[in-house]
> 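After the structure tokens below, expect a handful of questions from me.
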Amino acid sequence: MGFPKNFLWGGATAANQCEGGYNEGGRGLANVDLMPLGKDRYRVGTGEIRMFDFDENYFYPAQKSIDMYHKYKEDIALFAQMGFKTYRMSIAWTRIFPNGDEEKPNEEGLAFYEDMFKECKKYDIEPLVTINHFDCPMYLIKKYGGWKNRKMIDFYVKFAKALFSKYKGLVKYWLTFNEINMILHFPFVAAGLYFEKGENKKQVMITAVHHELIASALVTKIAHEIDPNNKIGCMMAAGSYYPETCKPEDYWKSICDNRESYMFIDVQSWGYYPNYALKWVEKQGAVIPFENGDKEILLNNTVDFISFSYYSSRVSSENPEKAKQTESNIFASVINPYLKASDWGWQIDPLGLRITMNELYDRYKKPLFIVENGLGAADKIENNGKIIDDYRIEYLKEHIQAMKDAIDEDGVDVMGYTSWGCIDLISNGTGEMKKRYGFIYVDRDNEGNGTLKRIPKKSFYWYKRVIATNGENLSLEGLDLYE
Ligand code: BG6
């Protein structure tokens with residue numbers, strides 16, 4: 001009983017939130033570089049404000065981030081000290097294809113990640129690679145309109161093919177798109193989308209979704225052809241919706257809200273759009289831009305495993321006035337009075353993780369991989385230089401326990417767990433550095449000041465022991481040594 005012997009413990013990051021070096025190594029400009037800190041960030045992310053070039057009135061935290069581009073050896077060594085079995089990271093598309101439509105990949109970009117993977121292998125850390133974590137070359141956005149254009153499929157396929165060929169033998173776990181359901185909520189970030197006046201936004205988003213789903217299926221096929229050892233996963237921003245009350249209308253609303261996320265994963269896992277999804281598209285006054293052969297592509301190339309992020313559960317109400325009380329990780333939800341919340345208002349629900357895992361496993365019957373989970377909190381350095389983040393340990397401990405219950409009590413098949421932002425990085429939602437998730441503190445503030453020094457927090461030593469005991473010891477006992 002307990003966690004399987006080969007359970008993949010580790011941590012997760014995304015290129016745009018940690019690498020920096022935005023104009024080094026021949027890298028091109030991407031949408032994620034243009035996400036400013038401050039109040040306009042959200043509206044740039046939704047495509048309401050068009051930000052196609054840097055504007056001197058804004059600060060862009062991704063330009064430097066935590067400078068992992070130059071510090072990855074030090075960072076991977078720290079992950080190894082914690083005993084990571086896996087490290088989830090993403091590839092910046094514009095390091096490999098700076099504009100996105102070049103014939104040949106940028107060798108310097110390919111070499112950079114090759115080196116990173118080799119560094120991981122040195123410590124027996126298995127890379128888990130997100131091919132696309134929110135980034136899209138700006139050139140493709142300006143010239144083709146991002147994922148609303150079907151040509152994006154070819155550019156993405158070429159990009160993925162370059163990765164599978166170059167890293168054969170070095171990488172075997174791949175995720176096609178990070179949080180594919182985020183397209184409906186943060187479309188410029190998730191798919192390089194912006195909207196023309198009077199345009200049916202839902203149609204634009206549904207078109208982009210269909211293109212990503214076809215692209216995902218095509219690269220699943222290619223990955224398997226290039227190396228039959230490759231395992232490909234989809235990735236969903238998860239967190240089940242509960243009904244606000246037992247009023248049937250509230251329950252029905254929660255089913256509909258859950259389906260707005262499931263429908264993407266249904267296609268990637270089952271190979272077809274279920275009837276409710278087809279009806280939903282119709283109700284949006286939209287159509288899915290099917291072309292000849294699309295249905296076969298989807299049906300014949302389903303994913304090997306289901307990965308997801310989980311930070312919180314959500315709550316649905318049939319009363320539209322209540323529908324938007326909180327925006328936990330971009331998704332609107334009613335506040336759940338039974339739960340506490342983080343300082344950023346994200347509600348904390350470990351049992352919700354077990355519920356979500358059970359729902360996903362019942363639905364898909366494929367192995368699950370929890371590739372993001374964690375607590376964003378402001379940390380304080382004590383006078384003795386230590387960071388005592390018991391609140392983070394508490395959050396992770398309860399969630400890992402819930403995951404253990406899902407495995408032990410419910411028989412859910414889980415491949416691994418990578419906590420989000422294992423080293424402090426830039427927040428996707430707010431652009432802040434202050435919202436920290438890491439086991440490793442990085443000396444940098446919201447405005448970009450700081451030495452970038454890395455300091456292990458108390459949670460670093462806690463997680464190290466969790467991994468060493470394969471999840472058997474989750475307690476804080478004995479860790480006061482580090483205080
Ligand atoms: C997920 C994303 O939505 O949540 C990450 O995949 C993101 O990129 C994470 O960082 C946490 O959100 P935030 O807004 O706290 O950074």
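Ligands are counted one by one from 1 in listed order, and the atoms in each one are counted from 1 as well. This one's a predicted model, so the numbers in the text were calculated from it and none came from an experiment.
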> Short N/O distance, under 3.5 Å, between T430 and ligand 1?
no
> Regarding K435 and the six-membered ring of W346, is the cationic atom NZ or CZ under 6.0 Å from the ring centre and inside 45° of its axis?
yes
> Would you check the N or O atoms of W346, main chain and side chain alike, for any that come under 3.5 Å of an N or O of ligand 1?
no
> Only one of F439, W9, Y72, F84 passes ring-ring contact (aromatic ring centres under 6.0 Å, His included) with F79; say which it is.
F84
> Distance under 4.0 Å to a non-hydrogen atom of N428: what atoms of ligand 1 satisfy this?
7 (C), 8 (O), 10 (O), 13 (P), 14 (O), 16 (O)
> Cation-pi check, K366 to F305: give yes when NZ or CZ is under 6.0 Å from the six-membered ring centre and within 45° of the ring axis, no otherwise.
no
> Has R27 got its NZ or CZ under 6.0 Å from the middle of the six-membered ring of F112, at an angle within 45 degrees of the ring axis?
no
> Pairs of nitrogen or oxygen atoms closer than 3.5 Å, one from S309 and one from ligand 1: do any exist?
no
> Any side-chain heavy atom of M235 within less than 4.5 Å of one from F177?
no
> Give me the one residue out of Y311, Y417, Y437 that meets side-chain hydrogen bond (donor to acceptor under 3.5 Å, both in side chains) with E372.
Y311
> Under 4.0 Å from a heavy atom of S427: which atoms of ligand 1 are those, numbered in the order shown and with their elements?
13 (P), 14 (O), 15 (O), 16 (O)
> Using a 4.0 Å cut-off to any heavy atom of Y311, which atoms of ligand 1 qualify?
4 (O), 9 (C), 11 (C)
> Taking only heavy atoms of E179 into account, list the atoms of ligand 1 that are under 4.0 Å away from them.
1 (C), 2 (C), 3 (O), 6 (O)
> Could you list which atoms of ligand 1 come closer than 4.0 Å to a heavy atom of K435?
13 (P), 14 (O), 15 (O)
> Please tell me whether Y156 and W147 form a close aromatic pair, meaning their ring centres lie under 6.0 Å apart.
yes
> Using a strict 4.0 Å cut-off to heavy atoms of N178, name the atoms of ligand 1 that fall inside it.
6 (O)
> With a cut-off of 4.0 Å, which atoms of ligand 1 are near a heavy atom of G429?
13 (P), 14 (O), 16 (O)
> Can you check whether M182 has an N/O within less than 3.5 Å of an N/O in ligand 1?
no
